[in-house]
Structures are given as C-alpha cells and as structure tokens.
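Scroll down for the structure; my scribbles are underneath it.
Residue numbering restarts at 1 for every chain, and letters A, B, ... go by the order of the sequence lines.
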Amino acid sequence: MTSSKQQVVSSKGEFTYSVLSVVSGIPVGHVMTYREVAAAAGRPRAWRAVGNILHKNYDPAVPCHRVVGSDGKIGGYNRGKGMKRKLLAKEGVLA
DNA sequence: CGTATGACGTGCA
DNA sequence: GTGCACGCCATAC
C-alpha cells in the first residue's frame, strides 16, 4: 500500500477521533458519562475536552445524546437539550 | 502563537 | 442541602 501516511483522520486529533468512535459505539438503551467516554478514548482526565469536542462535532453519526453527566444528568446537545432528553426517554434510558 | 473558553467533576465552607 | 472555586484537557479564534 503505497507509502507515507494517509490522513484518514479528518484533520482532528487522535483523541477526538477516539471519542467520536466510542460515542458512536454506545448501544441503544445505554448511556455513558463524559468521564467514561474520555477514559475509553484513552484520556480519563480529558472528559472536559470531550464535552468540547461533542459540542463542536455536528456529526449525526455520533449519538452525543447518549453521553450524560456523572449524575446521569443531561448536559447539552448541539440540536437542543430538549431533543436529547426526548431521545433518551424514547430509548428507555430516561424515565 | 497565545489566549480563552467549554455540553464537567470534585472538594470544601 | 446548597453554593463557590479550582483544576484538567483539547479545540477554536
């Protein structure tokens, strides 16, 4: 395969790519906290950046609505906090 | 390049 | 029980 490196990562850090990958891999009916996602991405101390990444990431393939705070509380959502809450309730994650 | 922010988390008063 | 302040990482401007 040719040589050199291919920039398969869209111009973003490896950490961002991992976070999006992990979030997109969350099964329906299950939620992960920002801390868990950051840990799964390889930076258990970067949950703060995870929120930033999701906030800037408008990728529909990333169910950021399955990512909640440590209290299982909804933080925010690039499409509307109400929408996130509705999606969680629909999946049975939220009462 | 450097600065400031951000969808947070935790501890302490 | 509640509120305030600090710390941490990465991104974007």
When you look at CZ of A:Arg66, are more than 12 heavy atoms from neighbouring residues, nucleotides or ligands closer to it than 6.0 Å?
-> yes
Among the nucleotides C:dA10, B:dA7, C:dC8, whichever has the atom closest to the side chain of A:Arg45 is C:dC8
Roughly how many Å is it from CZ in A:Arg85 to C1' in B:dA7, rounded to a whole number?
-> 17 Å
Could you state the atom-to-atom distance from CG of A:Leu20 to C1' of C:dT11 in whole Å?
-> 12 Å
When we call it a touch if two heavy atoms are under 4.0 Å apart, what does A:Ala46 touch: a base, just sugar-phosphate, or nothing?
-> sugar-phosphate
To the nearest Å, how far apart are A:Ile53 CD1 and C:dC8 C1'?
-> 13 Å
Minimum heavy-atom separation for A:Phe15 to A:Ala38, with atom names?
-> CE1-O, 4.2 Å
Quick one: is A:Thr16 getting a side-chain N or O under 4.0 Å of the C:dA10 phosphate, OP1 or OP2?
-> no
Would one find a side-chain N or O of A:Arg35 under 4.0 angstrom from OP1 or OP2 of B:dT10?
-> yes
A:Asn52, nearest nucleotide to its side chain (from B:dG6, B:dG9, B:dA7) = B:dG6
A:Thr33 near the nucleic acid: base, sugar-phosphate alone, or nothing, with a heavy-atom cut-off under 4.0 Å?
-> nothing
Rounded to the Å, how far apart are A:Glu14 CD and C:dC9 P?
-> 17 Å
To the nearest angstrom, how far is A:Arg43 atom CZ from C:dT11 atom P?
-> 11 Å
Spacing between A:Lys81 atom NZ and B:dC8 atom P, to the nearest angstrom | 11 Å
More 5' along DNA chain B: A:Ala49 or A:Asp71, using each one's nearest nucleotide?
-> A:Ala49
Could you walk me through whether A:Ile74 and A:Lys81 pass the side-chain contact (heavy atoms from CB on, under 4.5 Å) check?
-> CA-CA 7 Å; A:Ile74 298 172; A:Lys81 185 177 85 172; 4.0 Å; yes
Can you list the steps and then say if A:Asn57 with A:Cys64 is a side-chain contact (heavy atoms from CB on, under 4.5 Å)?
-> CA-CA 9 Å; A:Asn57 177 59; A:Cys64 21; 5.6 Å; no
Residues A:Ala40 and A:Val22: closest non-hydrogen pair is CB-CG1, 3.7 Å
Just call it for A:Phe15: base, sugar-phosphate, or nothing, with non-hydrogen atoms closer than 4.0 Å on any strand.
-> sugar-phosphate
Counting side-chain heavy atoms from C-beta on, which of C:dA10, B:dG9, B:dA7 comes nearest to A:His55?
-> B:dA7
Closest to side chain of A:Lys56, choosing from C:dT11, C:dA10, B:dG6 = C:dT11
Please determine, for the side chain of A:Trp47, which listed nucleotide (B:dA7, B:dG9, C:dA12) has the closest atom?
-> B:dG9
